[in-house]
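The structure under discussion appears below in the form of structure tokens.
Whatever order the structure lists ligands and atoms in, that order sets their numbers, starting from 1.
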Amino acid sequence: MSTTAPDATAPDETALVEQFEQVLARHDRIEPRDWMPEKYRATLVRQIAQHAHSEIIGMQPEGNWITRAPSLRRKAILLAKVQDEAGHGLYLYSACETLGVSRQELTEKLVSGQQKYSSIFNYPTLSYADVGTIGWLVDGAAIANQVPLCRTSYGPYGRSMIRICKEESFHQRQGYELLMTMMRGSDAQRAMVQESVDRFWWPALMMFGPPDDDSPNTAQSMAWGIKRDTNDELRQKFVDMSVPQAERLGVTLPDPDLVWNAERGHHDFGQPDWEEFRAVVTGAGPCNAQRIAHRRRAHEDGAWVRDAATAFAARSSAEPVETREARA
Ligand code: FAQ
């Protein structure tokens, strides 16, 4: 039994919870120094880390084509796009650090398989059309999911989403423009686009997560304002948005059940293969091992840069200000 007397100056937990809930009810933001329930913090770390890892691992499928881009213009566009994804990862790691975890810790959890990243990046990129399809469908799904996250309840996460969404929307347009150009080309190019869309359509639908009935986190994340829409609501929005774009492009979406439902004012559509989704999320997708091995190798190869930066920072902080200024 503890003999310590209760601290009369410590804020009462019930009052803190009440204050936290009032902020959420006003649709205001929770900021890093505000009190928050431990589970809210843990849920944010889980989602933001997973999101950051997705941006970083997401550089690999398209990075695969940088050396084989068909023209200097396409190479410059692709390089810039992949670099943007690195930037998104860094904003998100910084947002996550405000919750008391370090980037080092997060990277270790990624390479050891303790934290996830989006299932979509475990599929291979087999033709240059895949660069366009990723821009159109994968960035398109990312936007559908992330625009509502600009209004998420945690300040640093919501603010990082604003710039990310602007860049993702540019990425989506560049992907669509690439596919449009290929569709105006030869029969072989049109066939390449269709084949690519056939492979990416269902994995893109899986990006929104399991159906609501099977989503353990949605209800609580919605109650806390971390998520603003459910997985199924966002999937529906994405399908409705993609159908007219596919028609304009001249490709078929590979779903025999896809049909406009006038009564609902939405498209009805088939279900992705949820067994395949579970396999990919638990490590058995076509490229899981390759993606993690590559990330681990890049992390190890970068050790000397981290060591040098740490040594430089330690030396700089130990020096008198005058010496530092003289050197600058
Ligand atoms: N892949 O209970 P829920 C991009 C996991 S965009 C892998 O429904 P939640 C841009 C989930 O974590 C892609 N795992 O979970 C780009 C949970 O497992 P856990 C990244 C998934 O969190 C474009 C379990 O299943 N975007 O990178 C997936 O409420 C082009 C149960 O699921 C984001 O991360 C999945 N698809 O909802 C970059 C957006 N779905 O953690 C390069 C932010 C679910 O309990 C090129 N995240 N799981 O062990 C979110 O909005 C949410 O976290 C969801 C999942 C909607 C992804």
Side-chain angles (χ1 to χ4, degrees), residues 39 42-65 78 81-89 91-92 95-96 109-110 113-123 125 130-150 152 154 157-158 160-161 164-165 167-172 174-175 200 202-224 226-235 237-238 272 274 276-285 288 291:
K39 282 194 175 155
T43 300
L44 280 169
V45 170
R46 178 184 66 78
Q47 178 166 325
I48 304 173
Q50 213 173 91
H51 196 163
H53 298 328
S54 303
E55 301 280 359
I56 297 297
I57 297 283
M59 295 164 74
Q60 293 185 37
E62 288 168 286
N64 176 36
W65 284 93
L78 186 55
K81 192 214 184 235
V82 172
Q83 283 173 359
D84 282 354
E85 309 300 356
H88 299 174
Y91 313 149
L92 287 162
C96 213
K109 285 195 168 150
L110 167 67
Q114 291 172 69
Q115 282 178 344
K116 297 187 170 81
Y117 56 90
S118 181
S119 50
I120 190 74
F121 303 118
N122 291 310
Y123 292 87
T125 43
D130 289 356
V131 170
T133 308
I134 289 179
W136 174 40
L137 294 179
V138 176
D139 284 279
I143 296 165
N145 169 274
Q146 288 168 195
V147 167
L149 289 177
C150 295
T152 191
Y154 187 58
Y157 190 27
S160 71
M161 279 296 114
I164 292 177
C165 284
E167 293 181 353
E168 300 290 28
S169 105
F170 184 68
H171 294 171
Q172 194 211 17
Q174 72 76 35
F200 273 94
W202 293 111
L205 292 193
M206 293 175 194
M207 285 174 71
F208 298 94
D212 292 350
D213 291 348
D214 209 15
S215 162
N217 299 297
T218 293
Q220 183 59 78
S221 289
M222 297 277 288
W224 277 330
I226 295 176
K227 284 166 79 164
R228 294 293 183 193
D229 302 273
T230 72
N231 300 355
D232 286 334
E233 284 165 358
L234 293 172
R235 199 171 359 257
K237 199 195 254 184
F238 175 69
W274 292 116
E276 176 182 316
F277 171 75
R278 268 184 281 278
V280 174
V281 168
T282 50
N288 294 60
R291 300 289 187 239

Ligand 1 to Lys81, heavy atom cutoff 4.0 Å, flagged ligand atoms 30 (C), 46 (C)
Have a look at Met59, Lys227, Arg278 and point out the one with the heavy atom closest to atom 37 (O) of ligand 1.
Lys227
Kindly indicate whether the side chain of Cys96, heavy atoms from C-beta on, has any atom under 4.5 Å from the side chain of Gln50.
no
Any Glu168 heavy atom less than 4.0 Å from ligand 1:
yes
Atoms of ligand 1 under 4.0 Å from any heavy atom of Glu62, numbered from 1 in the order shown, are 46 (C)
Centres of the Phe238 and Phe208 rings: under 6.0 Å?
yes
Say whether Tyr157, considering both its backbone and side-chain N or O atoms, lies within less than 3.5 Å of an N or O atom on ligand 1.
no
Quick one: does Pro216 get within less than 4.0 Å of ligand 1, heavy atoms only?
yes
Side-chain ion pair, Asp214 and Arg278, N-O less than 4.0 Å:
yes
of all protein heavy atoms, closest to atom 40 (N) of ligand 1 is Gly209 CA, 3.2 Å
Measuring to protein heavy atoms, does anything land under 4.0 Å from atom 31 (C) of ligand 1?
yes
Out of His171, Arg228, His51, Glu85, indicate the one that has the non-hydrogen atom closest to atom 43 (C) of ligand 1.
His51
Tell me the nearest of Gln172, Gln47, Arg46 to atom 52 (C) of ligand 1, using heavy-atom distances.
Gln47
Taking 4.0 Å as the limit for heavy-atom contacts, which would you say applies to Phe277 with ligand 1: side chain only, backbone only, both, or neither?
side chain
The atoms of ligand 1 lying under 4.0 Å from a heavy atom of Val138, numbered in the order shown, are 23 (C), 30 (C)
